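This one's a predicted model, so the numbers in the text were calculated from it and none came from an experiment. As the structure lists them, so they are numbered: ligands from 1, and atoms in each ligand from 1.
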Amino acid sequence: MKMPSLEDELFPSTPGKFKIDRAHNMNRQFHRCFASTSTMFLWALFLIALTASYLSFQSFVDSGSRYFSASWGGIQWEKQVRNSGQIHRSGGMSVLVTGAAGFVGTHVSLALKKRGDGVVGLDNFNNYYDPSLKKARKSLLNSHGILVVEGDLNDAKLLAKLFDVVAFTHVMHLAAQAGVRYAMENPNSYVHSNIAGLVTLLETCKSANPQPAIVWASSSSVYGLNEKAPFSEADRTDQPASLYAATKKAGEEITHTYNHIYGLSMTGLRFFTVYGPWGRPDMAYFSFTRNILQGKPITIYRGKNRADLARDFTYIDDIVKGCLGSLDTSGKSTGSGGKKRGPAPYRIFNLGNTSPVKVPELVNILERHLKVKAKRNIVDMPGNGDVPFTHANISSAQKVFGYKPTTDLQTGLKKFVRWYLSYYGYNNRKGVQ
Ligand SMILES: O=C(O)[C@H]1O[C@H](OP(=O)(O)OP(=O)(O)OC[C@H]2O[C@@H](n3ccc(=O)[nH]c3=O)[C@H](O)[C@@H]2O)[C@H](O)[C@@H](O)[C@H]1O
C-alpha cells in the first residue's frame, strides 16, 4: 500500500476533480494559513499598542499628579527652592516649615528669615477656613523672599524632592488639621493630616542625609480631662476629650517611635490657644470680633455648674520665641542611611502664657478695643470636645531655652484688633462670613 505522501496528506485528492480541487484547496489552505499568520500579526500589533498606551498612560498619570495637581518640579522651581532655603548667617539653619501659610507658620517663617536662616514653606492651602487669608499670608512671605510650595504632606515624592534640593537642617512641622470642635464634623481630615501626613513626613526625614532635627506642634488639648493645674509635661495625657486631641497625642507617640528607631531629634510643643494678628478665623477671639463688628450675636459656652470656661491664651510673638528657642536647642539627629547611630533628643514642652482668662473676660476686652457691645448668647457647653480650662506650667521651656511670655491678653488683643481692622476694615471689606 502506498503511503500517502506529505503532499497527499496536506491536499487529499478526489479523482477527476484533483486539479481544480487541489488548486481550490491550496488556495483555501493558503488563505487559511495566511489569514492565521496575519491575524497573529495583527493581534501582536494590537497587544504591543495596548501595552505601549498603558505604559504611557501610567507615566501620564504619574507626571500628571506631579505637574497638574501640584505645581512643582523643573529647573526653575528647584532654583527658587534653593534660593529660599539659602542660609544668610554663620551658624544658621535651613528650615522646612510645613503649614507655612498657616497662622503660626507665617510668623515663625518670617522670624527665621529675618535672622538669616533659610526657609522653605510647604502648605496645601486647604479650605478649612478662607484660603484667601492663606494666600495673603503667602504673599507676605514671598515679599520677604520665602517660597511657599503648594503641596500636601502626604505627597512623599514632593517631600523627597524638597530634601534632594535642600539639605534641611531642621523641620518646623506646623501643618495640621486644627480646631477642637470641627473634629466631630470631619474626623478623617484629622487622620489625613495629623497622623498619615505626620508619618509621611517622618519617613522622609528618617531617610534624609543628613537627617534634620524636627520641632512640631502638639497641643494643650492633650491634657484633656486632666484636672491637676497648672498642666506640667509629666501630667496625664491619656484622657483626650476630642479626636483632635487624640491625634496630637498620637503624634507624640509616633514621634517617639521615630526618635527611638531612627535617631531623629524630636521636640513637640504643646501650644496653648495661640492668638494674634494674621490668626485663624475659626478661633473664638477671631469669630467673636467679626460677629461683634457685624452686630451679630456670639455664643459663649459655659461649663458644669454654670462655671465659665477659661483658656491660657498665648500671644503669637511669645509662641514664635518658643519655636525659635526650641529649634536652637534641638540637638542633632543621629541617624544616617535610615539607621540610628546613637540616642537623639526627645523633648516635649508646654508653650503657654501661665495666666488663664475666662472667656467672658476675653469678650469684655474685645468690646473695649472694638468700642462695640457684644450680643452675648450664653449656652451650656455642648459635649463637643471642649475642656473646661487650660493652664500651662512653662518651667521646663524656661529652663531649657529661657522661654518667658511677655504679652498679656489685653495687650495682645489690642494688636490683633488693630491688624483685623487694617485687614478687613470695619465693614469687613474682604467678605469673610
Ligand atoms: O490650645 C490648643 O491646643 C488648641 O487651642 C485652640 O482651641 P481652643 O482653646 O478650643 O480655642 P478656641 O476655639 O478659640 O476656643 C476658646 C474658648 O472659647 C470657647 N468658645 C469657642 C467658640 C464659641 O463659639 N464659643 C465659645 O465660648 C471655647 O469653648 C474655649 O473655651 C485651637 O483652636 C486648637 O486648634 C488648639 O490649638
* **Nearest-neighbour protein heavy atom for atom 14 (O) of ligand 1, which is reported as residue plus atom name and distance** => A284 N, 2.8 Å
* Indicate whether the side chain of T334 and that of R341 have a donor and an acceptor atom separated by less than 3.5 Å. => no
* Using non-hydrogen atoms of the residue, decide whether F286 is closer than 4.0 angstrom to ligand 1. => no
* **Distance in Å, I378 CD1 paired with I298 CD1, rounded so as to fall on 0.5 Å steps** => 8.5 Å
* Nearest non-hydrogen protein atom, atom 12 (P) of ligand 1 -> R181 NH2, 3.5 Å
* Specify the closest pair of heavy atoms between F401 and G322, including all atoms of both residues, with the distance to one decimal. => CE1-O, 3.6 Å
* Is the closest N or O pair between D282 and ligand 1 shorter than 3.5 Å? -> no
* Side chains of D282 and Y182: donor-acceptor distance under 3.5 Å anywhere? -> no
* **Polar atom proximity, F272 to ligand 1 (N or O, under 3.5 Å)** => no
* Structure fact -> re atom 20 (N) of ligand 1, the protein heavy-atom contact at minimum distance is Y301 CD1, 3.6 Å
* Are the ring centres of H391 and F231 closer than 6.0 Å? -> no
* Nearest non-hydrogen protein atom, atom 6 (C) of ligand 1 -> M283 CE, 3.8 Å
* Looking only at N/O atoms, are V180 and ligand 1 under 3.5 Å apart anywhere? -> no
* Asked: Identify the closest protein heavy atom to atom 29 (O) of ligand 1: which residue and atom is it, and at what distance?
  -> D386 OD2, 2.7 Å
* **Polar proximity ligand 1 side, V274 side, N/O cut 3.5 Å exclusive** => no
* Min heavy-atom dist R280 to ligand 1 below 4.0 Å -> yes
* Structure fact -> atom 2 (C) of ligand 1 has as its nearest protein heavy atom S220 OG, 3.3 Å
* **For R302, the option from D308, D386, D380 that meets salt bridge (charged side-chain N to carboxylate O under 4.0 Å, His left out)** => D380
Side-chain polar contacts of residues 92-108 - donor-acceptor pairs under 3.5 angstrom, sequence neighbours left out - could you list them?
unit_1	atom_1	unit_2	atom_2	d
S94	OG	A167	O	3.4
S94	OG	T169	N	3.3
T98	OG1	H173	ND1	2.7
T98	OG1	L174	N	2.9
T98	OG1	A175	N	3.1
T106	OG1	A100	O	3.0
T106	OG1	G102	O	2.7
H107	NE2	P277	O	2.9

* Asked: Nearest protein heavy-atom contact for atom 4 (C) of ligand 1: which residue, which atom, what distance?
  -> S219 OG, 4.2 Å
* To do: Do me a favour and list the nearest non-hydrogen protein atom to atom 11 (O) of ligand 1 with residue, atom name and distance?
  => T273 CG2, 3.6 Å
* Y244 touching ligand 1 at heavy-atom level, < 4.0 angstrom -> yes
* Asked: Any side-chain donor paired with an acceptor under 3.5 Å for N291 and K375?
  -> no
* Heavy-atom pair of closest approach, residues L264 and L202 -> CD1-O, 4.0 Å
* **Minimum-distance pair of heavy atoms, taken over all atoms of L147 and S84** => N-OG, 2.9 Å
